[in-house]
Amino acid sequence: MTRVAMLSVHACPLAKLGGRDSGGMNVYVRELARDLGARGIEVDVFTRWRERYDPRIQQLGPNARVIHVESGPIGYWPKMAVYEHLDQFGEKLLEHVAAEGKRYDLVHAHYWLSAKVARTLAEHWRVPRIQMFHTLGLVKREVLDEDIDGESDVRVAIEREAVRESAAIVAASTIELAELRQLYRADPSRVAVIPCGVDPEVFKPVRQADAREALGRDQCERLVLFVGRIEQIKGIDVLLRALGLLFQRHPDLRSDVCLLVVGGALDPGDDAPETEKILELRRLVHEHRMEANVAFVGSRDQEQLALYYAAADVCAVPSLTESFGLVALEAMACGTPVVGTRVGGLQTLIEDGESGLLVPAGDDTALAEAIHAVLTDHRLRTHLSHGARERAERFTWSRVGQRMTELYDKVLAAAAGGRGAQPPDRVEV
Ligand code: UDP
């Protein structure tokens, strides 16, 4: 049986989603680990102990566990603070593994923070490492004018090292592959493009009227939805400006259209109280006199989210950059048309005019026009809804698991062929 040490240092697969630093990567690691476990691959996901009452070890499914590793105090920490404690994380992880007497065949790391620990572990255990970045520092640097997290240089250095040294890299789209080649000089023969998945049991069409009633939103005539972490990179301010424009150009819509913003922690008792970003967005709502149209709902679990997607006429994904865009895929699986930006994985997921609409990132006018088209053109909405569902069927976690298993096999076969070689063998993927 293949044993994988999966590293997701700052993103626990069991975390509450939509709050600070908890989103697509948590979902990805959870679903991938579960699928691999069901295939008979033993997966231990090592993650930082963030929630006080979480047990040290939690079962994710057959053959798949989450192991919380102490490093620094419990609670939410900004990423650079997590970075400061990575050595401790690695030491504690090794202690835990030694105490259990376990051996792993490979290390699979998610995000740059995990890449640093993966390097230490792969050297220590003399096993190959696989890296997935989820987002790349240099891509983020291109779209954000300030280095909000103060992470940029150290992050990029770690990413470059991981690109050079990993046996294989997983990219979520061909766009990410191109970014890895151009910005990080990655060797394309070592990059496997494996798009993300969606759970069709959770995200499936529900009658719009039923979903609205279940959510108590039946008073809303036309519903625009945003789902995601409340961060600048998600482009929510562009969406609010687009809505302002929409109302300016079509005043009749002001009494008809609601925007629900799902994500972020709004409960003051929560680990992440209402953030600066939400306050800033509320000011924008006020400027455009849209208080009656826009509601910040806070985070919702995925079962609830499925109802939000089904209730919506259109799901806006106005991200400035997006390595894949699970929210878009989930909405599509529910048959909800998506208006997304022509960035990253969104442009490979959505076929413009067929399974959604694409607009340039940061362009509030184009976004307003696309939302207007979907809201007012019934035929277009129906066409996009069918196209979206059809397209989404191709993206399942089971397919991700199968492709990952094939990648593991190749990496392990290459490493076995060159046993003893240092650094671990690389593989053509
Ligand atoms: N999500 C959630 N509840 C929320 C907000 C988001 O469960 O309140 C989930 C959503 O279903 C999706 C993920 O968080 O699976 C966000 O993934 P995406 O790839 O869109 O963005 P990322 O967080 O990776 O930037």
Side-chain angles (χ1 to χ4, degrees), residues 8 10-32 34 79 110-112 132-136 139-140 143-144 148-149 171-173 175-176 195-204 215 225-236 239 260-267 270-272 275 277-278 295-310 312 315-334 336 338-341 343-350 356 361 392 395-397 400:
S8 180
H10 86 294
C12 174
L14 294 165
K16 183 165 176 261
L17 300 169
R20 270 200 252 180
D21 293 345
S22 301
M25 198 175 356
N26 308 61
V27 174
Y28 187 95
V29 173
R30 181 188 75 200
E31 296 299 325
L32 175 64
R34 281 188 179 147
K79 289 189 194 130
H110 298 271
Y111 205 58
W112 67 274
M132 182 163 185
F133 290 106
H134 296 266
T135 54
L136 289 161
V139 174
K140 195 171 160 194
V143 297
L144 290 183
I148 298 173
D149 304 320
S173 73
I175 304 293
E176 194 182 345
C196 302
V198 64
D199 183 344
E201 296 301 316
V202 177
F203 297 105
K204 56 186 177 210
L215 295 173
L225 179 69
F226 169 91
V227 175
R229 292 175 292 117
I230 309 295
E231 289 192 9
Q232 196 188 343
I233 209 139
K234 293 292 180 183
I236 316 167
L239 175 59
L260 298 182
V261 178
V262 179
L266 300 187
D267 178 357
D270 215 317
D271 144 74
T275 55
K277 188 68 197 168
I278 296 186
F296 292 90
V297 173
S299 303
R300 290 289 182 267
D301 65 32
Q302 293 202 306
E303 278 68 25
Q304 281 274 308
L305 264 191
L307 288 176
Y308 279 90
Y309 291 127
C315 178
V317 186
S319 312
L320 305 184
T321 172
E322 195 70 75
S323 87
F324 184 78
L326 281 180
V327 161
L329 177 56
E330 291 161 0
M332 288 162 74
C334 295
T336 306
V338 175
V339 174
T341 42
V343 297
L346 289 177
Q347 54 191 315
T348 56
L349 173 65
I350 299 167
F395 299 84
T396 60
W397 290 114
V400 178

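Everything numeric here is computed off the predicted structure, so don't read it as measured data. Counting starts at 1 for both ligands and their atoms, in listed order.
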Identify all pairs of nitrogen or oxygen atoms, one from ligand 1 and one from the protein, separated by less than 3.5 Å, and list them with distances.
unit_1, atom_1, unit_2, atom_2, d
ligand 1, 3 (N), Arg300, O, 2.6
ligand 1, 8 (O), Arg300, N, 2.9
ligand 1, 8 (O), Arg300, O, 3.4
ligand 1, 11 (O), Gln302, NE2, 2.7
ligand 1, 11 (O), Glu330, OE1, 2.7
ligand 1, 11 (O), Glu330, OE2, 3.1
ligand 1, 15 (O), Gln302, NE2, 3.1
ligand 1, 15 (O), Glu330, OE2, 2.6
ligand 1, 17 (O), Gly24, N, 3.2
ligand 1, 19 (O), Leu326, N, 2.9
ligand 1, 20 (O), Leu326, N, 3.3
ligand 1, 20 (O), Val327, N, 3.0
ligand 1, 21 (O), Lys234, NZ, 3.0
ligand 1, 23 (O), Gly24, N, 2.8
ligand 1, 23 (O), Arg229, NE, 2.9
ligand 1, 24 (O), Gly24, N, 3.1
ligand 1, 25 (O), Arg229, NH2, 2.6
ligand 1, 25 (O), Lys234, NZ, 2.7

Please list, chain by chain and in numerical order, all residues satisfying salt bridge (charged side-chain N to carboxylate O under 4.0 Å, His left out) with Arg300, sequence neighbours excluded.
none
Mind checking whether His110 and His134 have parallel, tilted or perpendicular rings, split at 30° and 60°?
tilted
Please say which of Val297, Leu260, Leu307 ends up in a side chain to side chain contact (heavy atoms under 4.5 Å, CB included) with Leu215.
Leu307
For the backbone of Ala172 and the side chain of Glu176, can you confirm whether one donor and one acceptor N or O come within less than 3.5 Å of each other?
yes
Are the aromatic ring centres of Phe133 and Tyr111 under 6.0 angstrom apart?
no
Side-chain heavy atoms of Tyr309 within contact of Val327, under 4.5 Å:
yes
